[in-house]
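One structure is given below, encoded as structure tokens.
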Amino acid sequence: MRMFFCARDENNRSHVFFVDLMARPPWTLVSKKATLVLSPGLPGTFDAVGVMPTSLVRQGNELWMYYIGWSQRLDVPYHNAIGVARSLDNGATFERFLPGPVVGTGIYEPYFCGTADVERRTQDDWVMWYMSATEWRMDGERPEPRYNLKRAVSQDGLHWDHGQEVAIDYLNEDEGGIARATVLQKDGSHWMWFCYRGAKGYRGEGSQAYRLGVAWSQDGDTWERLPDQPVFESQPGEQDFDAHMQCYPIVFGAGAESYLFYNGSDFGQTGIGVARLAC
């Protein structure tokens with residue numbers, strides 16, 4: 001199994017790498033060497049200061065990687081948009097084949113977008129669940145973004161109708177971010193996992209840091225958030241890698257079982273973990 005992830009360089013710019021794992025627990029590394037497949041773009045582009053993988057889709061003989069592009073601004077700390085790169089060799093290398101993002105700011109998206117989960121249902125029926133910023137709020141002297149999850153549709157995976165339909169909204173005014181949707185169809189229903197955080201003080205070890213949430217849908221389009229349903233059967237211990245934060249989930253089926261990979265504390269600085277879906 002090939003896992004794509006991002007890591008930051010000495011200038012805090014994220015790059016995309018992959019490692020190959022055995023395709024079943026305990027997910028042993030085939031090689032401990034990570035392979036670089038995508039780096040930040042040219043100065044002035046939407047991904048000039050960082051790239052992060054967020055979804056992979058097969059398109060004929062090609063593998064498309066949707067990724068988050070990072071750029072900087074003077075009024076707020078950063079700006080994100082969603083781009084796509086393609087591989088002609090099953091993910092060994094990737095190339096940009098479009099000059100700009102496929103989802104970015106526009107008439108319904110005044111701030112920024114990111115963390116897309118893309119599904120090609122049929123040849124001309126694509127759906128994307130993505131993070132959409134709705135405002136910046138001041139936390140002391142630092143502007144912090146708020147974002148929820150929206151739904152976009154496309155006929156080709158490149159041109160998207162987006163920005164008008166909220167999929168997962170805030171529970172209250174104190175919630176600051178909902179990101180990284182990941183969807184699994186199971187027993188005739190659809191389940192979505194995501195991460196959510198508070199509006200302030202979420203960078204530390206307190207209760208406002210990212211945690212994982214879940215939503216349910218009968219048709220895969222309209223979602224009911226389940227705030228009282230726990231994601232894990234037990235909470236992490238004080239010394240566990242995910243003791244203070246769980247974020248950026250991705251779920252997938254592997255034979256008769258399904259698994260959820262996610263990042264641990266400090267936005268993943270402590271590592272990537274995996275949980276088996278129990279039901």
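Computed from a prediction, not measured in an experiment: that's the story for all the values here.
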Considering all heavy atoms of both residues, which atom of [X] and which atom of [Y] are nearest to each other, and what is their separation?
{"X": "Asp221", "Y": "Ser217", "value": "N-OG, 3.5 Å"}
{"X": "Val183", "Y": "Asp117", "value": "N-OD2, 3.7 Å"}
{"X": "Gly253", "Y": "Ser258", "value": "CA-OG, 3.7 Å"}
{"X": "Cys113", "Y": "Val103", "value": "SG-CG1, 3.9 Å"}
{"X": "Cys247", "Y": "Cys195", "value": "CA-CB, 3.8 Å"}
{"X": "Phe194", "Y": "Ala181", "value": "CB-CA, 4.3 Å"}

Is there side-chain contact between [X] and [Y], with at least one heavy-atom pair below 4.5 Å?
{"X": "Trp136", "Y": "Pro77", "result": "yes"}
{"X": "Lys200", "Y": "Arg142", "result": "no"}
{"X": "Asp47", "Y": "Arg96", "result": "yes"}
{"X": "Val51", "Y": "Phe94", "result": "no"}
{"X": "Leu226", "Y": "Glu224", "result": "yes"}
{"X": "Tyr196", "Y": "Tyr170", "result": "no"}
{"X": "Phe252", "Y": "Met1", "result": "yes"}
{"X": "Tyr111", "Y": "Pro145", "result": "no"}

Practice prompt. Could you please spell out the steps behind the side chain to side chain contact (heavy atoms under 4.5 Å, CB included) verdict for Phe46 and Thr105?
Written response: CA-CA 11 Å; Phe46 78 99; Thr105 53; over 6 Å; no

Angle class for the [X]/[Y] ring planes (parallel below 30°, perpendicular above 60°, tilted otherwise)?
{"X": "Tyr78", "Y": "Trp70", "value": "tilted"}
{"X": "His15", "Y": "Phe17", "value": "tilted"}
{"X": "Phe232", "Y": "Tyr262", "value": "tilted"}

Joint cluster assignment, [X] & [Y], ILVMFWY side-chain distance < 4.5 Å:
{"X": "Ile168", "Y": "Val118", "value": "no"}
{"X": "Val16", "Y": "Leu56", "value": "yes"}
{"X": "Tyr202", "Y": "Met131", "value": "yes"}
{"X": "Val102", "Y": "Phe97", "value": "yes"}
{"X": "Leu36", "Y": "Met3", "value": "yes"}

Worksheet entry | CA sep, side-chain torsions, deciding dist, call: Asp125, Val127, side chain to side chain contact (heavy atoms under 4.5 Å, CB included) | CA-CA 7 Å; Asp125 180 14; Val127 64; 5.5 Å; no

Give a yes or no on whether [X] atom [atom1] has more than 12 heavy-atom contacts from other residues, nucleotides or ligands under 6.0 Å away.
{"X": "Arg24", "atom1": "CZ", "value": "no"}
{"X": "Glu95", "atom1": "CD", "value": "yes"}
{"X": "Asn11", "atom1": "CG", "value": "yes"}

To the nearest 0.5 Å, what is the distance between [atom1] ([X]) and [atom2] ([Y])?
{"X": "Asp20", "Y": "Leu29", "atom1": "CG", "atom2": "CG", "result": "9.0 Å"}
{"X": "Phe112", "Y": "Thr134", "atom1": "CZ", "atom2": "OG1", "result": "9.0 Å"}
{"X": "Gln218", "Y": "His190", "atom1": "CD", "atom2": "NE2", "result": "8.5 Å"}
{"X": "Cys6", "Y": "Asn263", "atom1": "SG", "atom2": "CG", "result": "8.0 Å"}
{"X": "Glu62", "Y": "Asp89", "atom1": "CD", "atom2": "CG", "result": "11.0 Å"}
{"X": "Leu171", "Y": "Asn148", "atom1": "CG", "atom2": "CG", "result": "11.5 Å"}

Item to complete: Would you mind listing the cluster partners of Leu88? Hydrophobic ones only (ILVMFWY), side-chain contacts under 4.5 Å, chaining allowed.
Response: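 So far as hydrophobic clustering goes, Leu88 is joined with none.
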
Practice prompt. Output, in order, the C-alpha distance, side-chain angles, deciding distance and verdict of side chain to side chain contact (heavy atoms under 4.5 Å, CB included) for Ser132 and Glu109.
Written response: CA-CA 7 Å; Ser132 169; Glu109 295 290 351; 2.6 Å; yes

Just by modelled atom types, is the [Y] backbone N or O under 3.5 Å from a matching donor or acceptor in the [X] side chain?
{"X": "Thr270", "Y": "Phe241", "answer": "yes"}
{"X": "Thr54", "Y": "Tyr67", "answer": "no"}
{"X": "Asp242", "Y": "Gln246", "answer": "no"}

Practice prompt. Please name the residue in the list Glu165, Gln164, His162 that meets the side-chain hydrogen bond (donor to acceptor under 3.5 Å, both in side chains) test with Arg151.
Written response: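 Testing each of Glu165, Gln164, His162 against Arg151, the sole residue satisfying side-chain hydrogen bond (donor to acceptor under 3.5 Å, both in side chains) is Glu165.
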
Worksheet item: Is there a donor-acceptor contact under 3.5 Å linking the side chains of Ser154 and Asp156?
Response: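 A donor-acceptor contact under 3.5 Å links the two side chains.
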
Discussion item. What I want to find out is whether Arg203 reaches Asp139 closely enough, with some N-O distance under 4.0 Å, to be called a salt bridge.
Written reply: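 No, Arg203 and Asp139 are not salt-bridged.
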
Practice prompt. Would you sort out whether Val57 and Trp126 count as a side chain to side chain contact (heavy atoms under 4.5 Å, CB included), showing the intermediate values?
Written response: CA-CA 10 Å; Val57 177; Trp126 299 59; 3.7 Å; yes

Practice prompt. Only counting residues at least two apart or in another chain, list the ones meeting side chain to side chain donor-acceptor pair (under 3.5 Å) with Glu175.
Written response: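 Glu175: side chain to side chain donor-acceptor pair (under 3.5 Å) contacts with Arg225.
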
Item to complete: Applying ring-ring contact (aromatic ring centres under 6.0 Å, His included), run through Trp27 and Tyr259 and close with a yes or a no.
Response: CA-CA 11 Å; Trp27 315 103; Tyr259 296 88; 5.0 Å; yes

